[in-house]
Structure formats: structure tokens, C-alpha cells
Amino acid sequence: MVAALIAGSLFTRQLLWTPISAINMTDIVTNQFKMSNASFSGTDENGEPFQIHAQSGRQEYDKPDIILLDTVSGTINTKSNGKTVTNHITADAGEYNRTTRTITLINNVRLDASDGNKLRVNEWVIKL
């Protein structure tokens, strides 16, 4: 590629340059690590399985323990009166904190449980 640029410049007598000022370093640092169709699963502190999926996820360079999530969905199982309840969750966004093992769901948070319970809130923190 470099050879093609040098050879091209010899024929046209012009060099192709990208000025440093044209590079948006804030965007590069802010979205250092980006994922599409991010998903992770595991078990919570009670041994119950969970699965979280996000349309996209990203980590900021200066916050390596936080994963920012967009369009979140998933299932979380809990025990209630000796029975397993499957909770289906959705939210517009979320933040997963790897250190505290919590996920904060943000905006249009919906929980529909297999036992018929429903939850509609703007923010919900789940300890995994």
C-alpha cells in the first residue's frame, strides 16, 4: 500500500497526506474497545444462570471495568418459594461493572417474569 502511494505520487507529483488535525482523538480514546452483538452469560452469586445480550458494547479507555451497552436484553433466573422464575429483561442501555458484578439497566427497563410479575422502571441495578 505504501509503495502504491509513493508510486502514485511520482506520477501525479502530489503526495497524499492526512493532517493530524483531521483525526478525532477524543472519539478514538472514548471508543477504544467496541463490540457488535455482545453477549455474556454466567451464574450469579446464588448459582442461578443469567444471559445478557446487547446490540453493541464498548469500553472507554479510562474506565476499563465498565462496559457500556446499547439495546440490552436477556434472561435472569431467580428462586422464589423453591421454584425457579425466569425473568426476561430489556432496556435501551446499560452499564456492566466487572468489579462490583452489577449491571445497571437504563431507560425503558422492562422485566417480564415467568410467574406473571412485571416491572417497568427507568433504572434498575442487578447484582449478578
Side-chain angles (χ1 to χ4, degrees):
M1 171 107 177
V2 172
L5 289 174
I6 293 171
S9 68
L10 294 175
F11 292 114
T12 62
R13 299 188 184 266
Q14 295 177 354
L15 289 175
L16 302 174
W17 293 97
T18 301
I20 295 294
S21 61
I23 298 172
N24 185 346
M25 291 305 290
T26 302
D27 188 45
I28 290 171
V29 170
T30 302
N31 297 307
Q32 185 75 22
F33 307 103
K34 201 166 195 174
M35 305 165 266
S36 295
N37 291 318
S39 64
F40 59 100
S41 59
T43 56
D44 65 13
E45 60 186 12
N46 298 320
E48 294 298 324
F50 69 87
Q51 182 177 19
I52 304 293
H53 176 79
Q55 189 175 40
S56 65
R58 66 189 182 285
Q59 285 181 287
E60 294 180 349
Y61 184 75
D62 58 345
K63 297 177 187 174
D65 292 333
I66 305 293
I67 300 173
L68 303 170
L69 307 168
D70 296 312
T71 313
V72 182
S73 64
T75 58
I76 298 174
N77 289 339
T78 57
K79 293 275 187 189
S80 178
N81 297 326
K83 295 180 182 177
T84 299
V85 177
T86 302
N87 302 289
H88 299 280
I89 58 171
T90 60
D92 291 345
E95 290 183 8
Y96 175 61
N97 186 318
R98 297 185 317 167
T99 303
T100 62
R101 288 188 45 103
T102 58
I103 183 166
T104 302
L105 299 173
I106 306 163
N107 295 333
N108 296 318
V109 180
R110 299 173 60 98
L111 177 137
D112 294 306
S114 62
D115 64 359
N117 288 324
K118 296 181 185 308
L119 176 71
R120 307 291 187 261
V121 293
N122 283 324
E123 185 175 315
W124 185 33
V125 178
I126 304 168
K127 177 132 178 87
L128 300 173

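Below, all heavy atoms of this structure are taken into account, side chains as well, without hydrogens, waters or symmetry copies.
D65 meets the side-chain hydrogen bond (donor to acceptor under 3.5 Å, both in side chains) test with T99; sequence neighbours excluded. Not counting sequence neighbours, the partners of K118 by the salt bridge (Lys or Arg N to Asp or Glu O under 4.0 Å) test are D112. By the side-chain contact (heavy atoms from CB on, under 4.5 Å) test, T90 pairs with S73, R110, sequence neighbours left out. Applying the side-chain contact (heavy atoms from CB on, under 4.5 Å) rule to V85 yields the partners T78, S80, N87, A113, S114, D115; only residues at least two apart in sequence or on another chain are considered. Residues satisfying the side-chain hydrogen bond (donor to acceptor under 3.5 Å, both in side chains) test with T71, not counting sequence neighbours, are Q55. With sequence neighbours excluded, the residues satisfying side-chain hydrogen bond (donor to acceptor under 3.5 Å, both in side chains) with S56 are D70. Looking at residues two or more places apart in sequence or on another chain, you find no salt bridge (Lys or Arg N to Asp or Glu O under 4.0 Å) involving K79. Shown here are the side-chain hydrogen bond (donor to acceptor under 3.5 Å, both in side chains) partners of S39, two or more places apart in sequence or in another chain: there are none.
Applying the ring-ring contact (aromatic ring centres under 6.0 Å, His included) test to pairs two or more places apart or on separate chains, those with a residue in residues 78-104 are F40-Y96.
Of all heavy-atom pairs between N122 and N108, the closest is OD1-N, 4.0 Å. Scanning both residues, G57 and A38, for their nearest heavy atoms gives N-CB, 4.4 Å.
Separation of atoms CD1 (I89) and CG (L111) is listed at 7.0 Å; rounding is to 0.5 Å. The CG atom of N97 sits 11.0 Å away from atom NZ of K63, with the distance rounded to the nearest 0.5 Å.
Between H53 and N37, some side-chain heavy-atom pair lies under the 4.5 Å cut-off.
A donor-acceptor contact closer than 3.5 angstrom links the side chains of N77 and T86.
Both V121 and L105 are members of a single hydrophobic cluster when ILVMFWY side chains are connected at heavy-atom separations under 4.5 Å. Note on I76 and L119: same hydrophobic cluster, where clusters join Ile, Leu, Val, Met, Phe, Trp and Tyr whose side-chain heavy atoms are under 4.5 Å apart, directly or indirectly.
One N or O on the side chain of Q59 and one on the backbone of P64 form a donor-acceptor pair closer than 3.5 Å.
The environment of K127 atom NZ is dense: over 12 non-hydrogen atoms of other residues, nucleotides or ligands sit within 6.0 angstrom.
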**Request:** Check step by step if side chain to side chain contact (heavy atoms under 4.5 Å, CB included) holds for D92 and I106.
**Result:** CA-CA 6 Å; D92 291 345; I106 306 163; over 6 Å; no

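Cluster partners of L68, using a side-chain heavy-atom cutoff of under 4.5 Å among ILVMFWY residues and allowing indirect links, are I66.
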